[in-house]
**Student:** 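Please find one structure pasted underneath; my questions will follow.
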Amino acid sequence: NTFYDQDLNAFNVIAEIPGSDPKLKEELVMLAAHFDSWHARTGATDNAAGSAVMMEALRILKATGLPMKRTVRIALWTGEEQGLLGSRAYVRSTFGSPTDTTAPQKPAYDKFSGYFNVDNGTGKIRGVSLQGNAVVGPIFTDWMKPFNSMGTGTVTIRNTGGTDHGSFDGRRRPALQVHQRSSRGDCELGGACIVTVRAEIRRLHHVGRESDRTSRQLEPSGVERRGE
């Protein structure tokens with residue numbers, strides 16, 4: 001590996017298909033994923049996979065040759081692992097403060113139609129969290145009907161967090177994170193998987209306590225344990 005120290009700034013990658021409808025082309029639909037990763041990992045699952053999915057989606061739209069009524073923009077964010085830095089910077093410069101909903105709105109605020117985010121690994125897409133936006137629920141239910149037989153169709157009103165759609169949602173812009181089947185194969189991210197992971201953490205914690213209790217019982221009397 002090579003470390004490039006000529007420029008230590010981080011950058012977002014932005015591209016778009018311009019809208020063609022005279023009345024709607026200034027409106028914006030975004031699809032995005034973060035392309036940064038933890039320095040000690042390869043980053044293939046988190047989140048080169050999500051970046052590849054979104055790039056392929058835009059490629060397909062372009063390859064169809066069909067004119068997009070609204071502008072469709074892809075963003076590959078930097079700094080997600082350090083606190084959504086890339087997406088927050090984009091929201092701040094485009095719409096206004098990503099954390100202060102009382103801050104002044106910028107002109108692009110009212111021309112934003114929606115944001116779709118992928119950041120849950122390599123599993124099949126199963127559904128979407130509506131972030132409390134019940135009005136769009138029927139739209140996504142209809143969209144997913146052709147894929148119901150493949151296991152896609154979950155539409156939940158619940159929020160999900162921890163990734164870049166939160167920067168947009170925090171500014172009250174419509175932003176959604178899709179659900180994906182996890183690598184464990186027995187749960188789906190965005191709800192049930194969280195329950196499974198928490199149960200596993202509790203189990204391991206219990207096993208650790210039992211193991212520690214057993215080690216205490218096996219210690220010779222008079223031996224003092226340190227470092228606790």
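Because only heavy atoms are used, hydrogens play no part in the values below, and waters and symmetry mates are left out as well, while side chains stay in.
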**Student:** Looking at Lys25, is its backbone amide N or carbonyl O close enough to the side chain of Thr71 to form a donor-acceptor pair, meaning the two atoms are under 3.5 Å apart?
**Tutor:** yes
**Student:** Contact between Arg126 and Lys124 at the side-chain level, heavy atoms closer than 4.5 Å - yes or no?
**Tutor:** yes
**Student:** Pairing donors with acceptors under 3.5 angstrom, does anything connect the side chains of Asn117 and Asp119?
**Tutor:** no
**Student:** Trp143, Met30: one ILVMFWY side-chain cluster at the under-4.5 Å cut-off?
**Tutor:** no
**Student:** Quick one: OG1 on Thr160 to NE2 on His165, what's the gap to the nearest 0.5 Å?
**Tutor:** 5.5 Å
**Student:** Heavy-atom distance under 4.5 Å between the side chains of Leu58 and Met55, does that happen here?
**Tutor:** no
**Student:** Between Glu16 and Val72, does the side chain to side chain contact (heavy atoms under 4.5 Å, CB included) criterion hold? Intermediate values first, please.
**Tutor:** CA-CA 5 Å; Glu16 66 181 36; Val72 180; over 6 Å; no
**Student:** Hey, quick one: are Met54 and Tyr90 part of the same hydrophobic cluster, counting side-chain heavy atoms closer than 4.5 Å, chains of contacts allowed?
**Tutor:** no
**Student:** For residues Thr156 and Ser129, determine if any side-chain heavy atom of one lies less than 4.5 Å from a side-chain heavy atom of the other.
**Tutor:** yes
**Student:** Quick one: do Val13 and Val29 end up in the same hydrophobic cluster if we chain Ile, Leu, Val, Met, Phe, Trp and Tyr together by side-chain heavy atoms under 4.5 Å apart?
**Tutor:** yes
**Student:** Measuring from Lys106:NZ to Tyr109:OH, what's the distance to the nearest 0.5 Å?
**Tutor:** 13.5 Å
**Student:** To the closest 0.5 Å, what do you measure between NE2 (His179) and CZ (Arg158)?
**Tutor:** 7.0 Å
**Student:** When rounded to the nearest 0.5 angstrom, what distance separates CZ in Arg88 from OG in Ser93?
**Tutor:** 14.0 Å
**Student:** If I compare all heavy atoms of Thr101 with all of Arg172, which pair ends up nearest, and what's the gap?
**Tutor:** CG2-NE, 3.8 Å
**Student:** Do Arg173 and Tyr115 form a cation-pi contact, if we require the NZ or CZ to be under 6.0 Å from the six-membered ring centre and within 45 degrees of the ring's axis?
**Tutor:** no
**Student:** Indicate yes or no: at least one non-hydrogen side-chain atom of Ile17 is less than 4.5 angstrom from one of Arg73.
**Tutor:** no
**Student:** Would you indicate whether the side-chain heavy atoms of Val155 and Leu130 approach each other to under 4.5 Å?
**Tutor:** yes
**Student:** How many angstroms lie between CG in Asp164 and CG in Asp169, if you round to the nearest 0.5 Å?
**Tutor:** 12.5 Å
**Student:** Between Val53 and Glu56, is any pair of side-chain heavy atoms under 4.5 Å apart?
**Tutor:** no
**Student:** Parallel, tilted or perpendicular: which fits the ring planes of Trp77 and Phe168, with parallel below 30° and perpendicular above 60°?
**Tutor:** tilted
**Student:** Of the non-hydrogen atoms in Asp142 and Pro146, which two are nearest, and what is the gap between them?
**Tutor:** O-CD, 3.8 Å
**Student:** Would you say Ser87 and Ser167 are linked by a side-chain donor-acceptor pair, where the criterion is simply a distance under 3.5 Å?
**Tutor:** yes
**Student:** Quick check: is Val118 connected to Val136 through a chain of hydrophobic side chains (ILVMFWY, heavy atoms under 4.5 Å apart)?
**Tutor:** yes
**Student:** To check you understand the geometry: which heavy-atom pair defines the closest contact between Ala57 and Leu31, and what is its length?
**Tutor:** CB-CD1, 3.8 Å
**Student:** Is it the case that more than 12 heavy atoms not belonging to Phe11 sit under 6.0 Å from its CZ atom?
**Tutor:** yes
**Student:** So which heavy atom on Asn47 is nearest to which on Ala33, and how close?
**Tutor:** ND2-CB, 3.3 Å
**Student:** Using atom types as modelled and distance alone, determine if a side-chain donor or acceptor of Thr152 lies under 3.5 Å from a backbone N or O of Ile125.
**Tutor:** yes
**Student:** Specify the closest pair of heavy atoms between Asp36 and Gly79, including all atoms of both residues, with the distance to one decimal.
**Tutor:** CG-N, 3.4 Å
**Student:** Out of curiosity, does Leu28 fall in the hydrophobic cluster containing Ile139 (side-chain heavy atoms, cut-off under 4.5 Å, transitive links)?
**Tutor:** no
**Student:** So does Asn120 get a backbone contact from the side chain of Gln180, meaning a donor-acceptor N/O pair under 3.5 Å?
**Tutor:** yes
**Student:** What I'd like to find out is whether the side chain of Arg92 reaches to under 4.5 Å of the side chain of Arg171, using heavy atoms alone.
**Tutor:** no
**Student:** Which atom pair, heavy atoms only, marks the closest approach of Glu27 to Ser113?
**Tutor:** OE1-OG, 3.4 Å
**Student:** Can you measure from NE2 (His34) to CG (Leu85) and round to the nearest 0.5 angstrom?
**Tutor:** 12.0 Å
**Student:** Around Met68, counting heavy atoms of other residues, nucleotides and ligands shown, do more than 12 lie under 6.0 Å from its CE?
**Tutor:** yes
